[in-house]
2 protein chains.
Amino acid sequence: MILSTKGRYGLKAVFELSLNYGLGPVSLKKISEKYEISENYLEQLFAKLRKAGYIETIRGSQGGYMLAKEPKDLTVGMILRTLEGEMTTSECVNKEVCSRESVCATRSIFEKIEKSITDVIDKITLADMYEEHKEILLEANKQNE
Amino acid sequence: MILSTKGRYGLKAVFELSLNYGLGPVSLKKISEKYEISENYLEQLFAKLRKAGYIETIRGSQGGYMLAKEPKDLTVGMILRTLEGEMTTSECVNKEVCSRESVCATRSIFEKIEKSITDVIDKITLADMYEEHKEILLEANKQNE
DNA sequence: ATCATACCCCACCAAAACAGTTGGGAATGG
DNA sequence: CCATTCCCAACTGTTTTGGTGGGGTATGAT
């Protein structure tokens, strides 16, 4: 597994926030029930995202979480990196640790893998996810007719 | 980190075998010294690769490990999957576990990440690595002139 | 005012994965 | 026959994973 539950749960939960963007806060309870995720666990994930400045909160009754930026300004990469740490393959990539650069044929492999992941996660925003989601829902409706 | 030392060490070591393809076996000792990897740890990695049919051994004095196939028939993906397990993002991808497919906008993200990784690791063979390695060495030599 | 709601924060925990280490055994070339 | 080299199983310390538990603070509703 490339991603742990941190990234997987976190991305789902943040997408849920994006569905409610502009409509007020969503409580942890609702999200954790909808996706069957431990409320306390999800809270820890949201704490990281809040500290990173991607979501903000309203405390007290009727409070909850909401995106701190527009869905089009939040990428999947921002969320995953905050929760999972840097999506790197090897310590030698991006650093000059590699003492035998010329010998190291594997380094370029690691770079390619990293780049291919980066290309995907840094390009897709929450707004993009919403657009694609809409299409999927429309198609699902067509099937049911 | 997407890859653990299993995949990173393993790929380096197997590439070393490919450099010696057709020239007889290479001992664990040589490889572990060259790359500064624990000999016993590397042995466990090679055991997996042997059981997968990617490398074979000659026991006894002057013995060692060698590729069981031509470098062009061994991909980076074969090595990494043997050592790291399947390079998946989420259990719902490739399975029908996902109870709320239409709702799950994250699934397509995970599929895209997986596909981008697969595209890289299943396309590159050990022979490809060697070709690229040669070019890097040639350029390094030019620089030194 | 007070109470239920809901976030905030810290500590703790069991299980698994990671990155090895230890040590005994078996095959083989010199 | 012995040094070399692979084979295999068990064990170990550390970190990560995936949570649980509990006390505290803010706030809208009654």
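We name chains A, B, ... by the order of the sequence lines, and we start the count at 1 in each one. What you are looking at is a predicted structure, and each value in this text was computed from that prediction instead of being measured.
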Sub-4.5 Å side-chain heavy-atom contact between B:Leu3 and B:Met87 = yes
inquiry  = Counting C-beta onward and ignoring hydrogens, is there a side-chain heavy-atom pair between A:Arg81 and A:Glu86 closer than 4.5 Å?
reply    = yes
query = Using 4.0 Å as the upper bound for N to carboxylate O, is an ion pair formed by B:Glu16 and B:Lys12?
reply = no
query = Got a salt bridge between A:Lys134 and A:Glu131, using NZ or NE/NH1/NH2 to carboxylate O under 4.0 Å?
reply = yes
ask   = Quick one: does B:Glu39 reach the base of C:dT21 with a side-chain donor-acceptor pair under 3.5 Å?
value = no
task = Decide yes or no, distance alone: a donor-acceptor N/O pair under 3.5 angstrom between the base of D:dC8 and the side-chain of B:Glu43.
result =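 Checked by distance alone, the answer is yes.
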query = Across the strands shown, which category fits B:Phe46 at heavy-atom distances under 4.0 angstrom: base, sugar-phosphate, nothing?
reply = nothing
Any [X] side-chain N or O less than 4.0 Å from OP1/OP2 of [N]:
X: A:Lys6; N: D:dT17; result: yes
X: A:Ser38; N: D:dT20; result: yes
X: B:Tyr9; N: C:dA19; result: no
X: A:Tyr41; N: C:dC13; result: no
X: B:Ser61; N: D:dC2; result: no
X: B:Ser27; N: D:dC6; result: no

message = Please tell me whether A:Met66 and A:Leu126 are part of a single hydrophobic cluster in this structure, the criterion being side-chain heavy atoms less than 4.5 Å apart.
response =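 No, it is not one cluster - the side chains of A:Met66 and A:Leu126 are not joined through contacts under 4.5 Å.
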inquiry  = Do A:Ile124 and A:Val14 sit in one hydrophobic cluster, given that two such residues count as connected whenever their side-chain heavy atoms are within less than 4.5 Å of each other, even indirectly?
reply    = yes
task = Keeping the roles fixed (side chain from A:Glu114, backbone from A:Thr89), state whether a donor-acceptor pair exists under 3.5 Å.
result =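 Pair found, side chain donor or acceptor close to backbone of A:Thr89.
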Expressed in angstrom and rounded to an integer, what is the separation of [X] atom [atom1] from [N] atom [atom2]?
X: A:Lys30; N: C:dC7; atom1: NZ; atom2: C1'; value: 16 Å
X: B:Gln44; N: D:dC8; atom1: CD; atom2: C1'; value: 10 Å
X: A:Leu83; N: D:dT16; atom1: CG; atom2: C1'; value: 15 Å
X: A:Ile37; N: D:dG19; atom1: CD1; atom2: P; value: 9 Å
X: A:Glu56; N: C:dC8; atom1: CD; atom2: P; value: 11 Å
X: B:Leu3; N: C:dC18; atom1: CG; atom2: P; value: 11 Å
X: A:Leu28; N: D:dT20; atom1: CG; atom2: P; value: 13 Å
X: A:Asn40; N: D:dG23; atom1: CG; atom2: P; value: 13 Å

remark   = The residue, A:Gln62 or A:Arg8, whose nearest nucleotide of DNA chain D is more 5′ is A:Arg8
message = Nearest heavy atom decides the nucleotide; on that basis, is B:Arg59 or A:Arg59 closer to the 5' end of DNA chain D?
response = B:Arg59
query = In residues 47-55 of chain B, what residues come within less than 4.0 Å of DNA chain C, judged by heavy atoms?
reply = none
Any donor-acceptor N or O pair under 3.5 Å, side chains B:Thr125, B:Asp128 =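 Yes.
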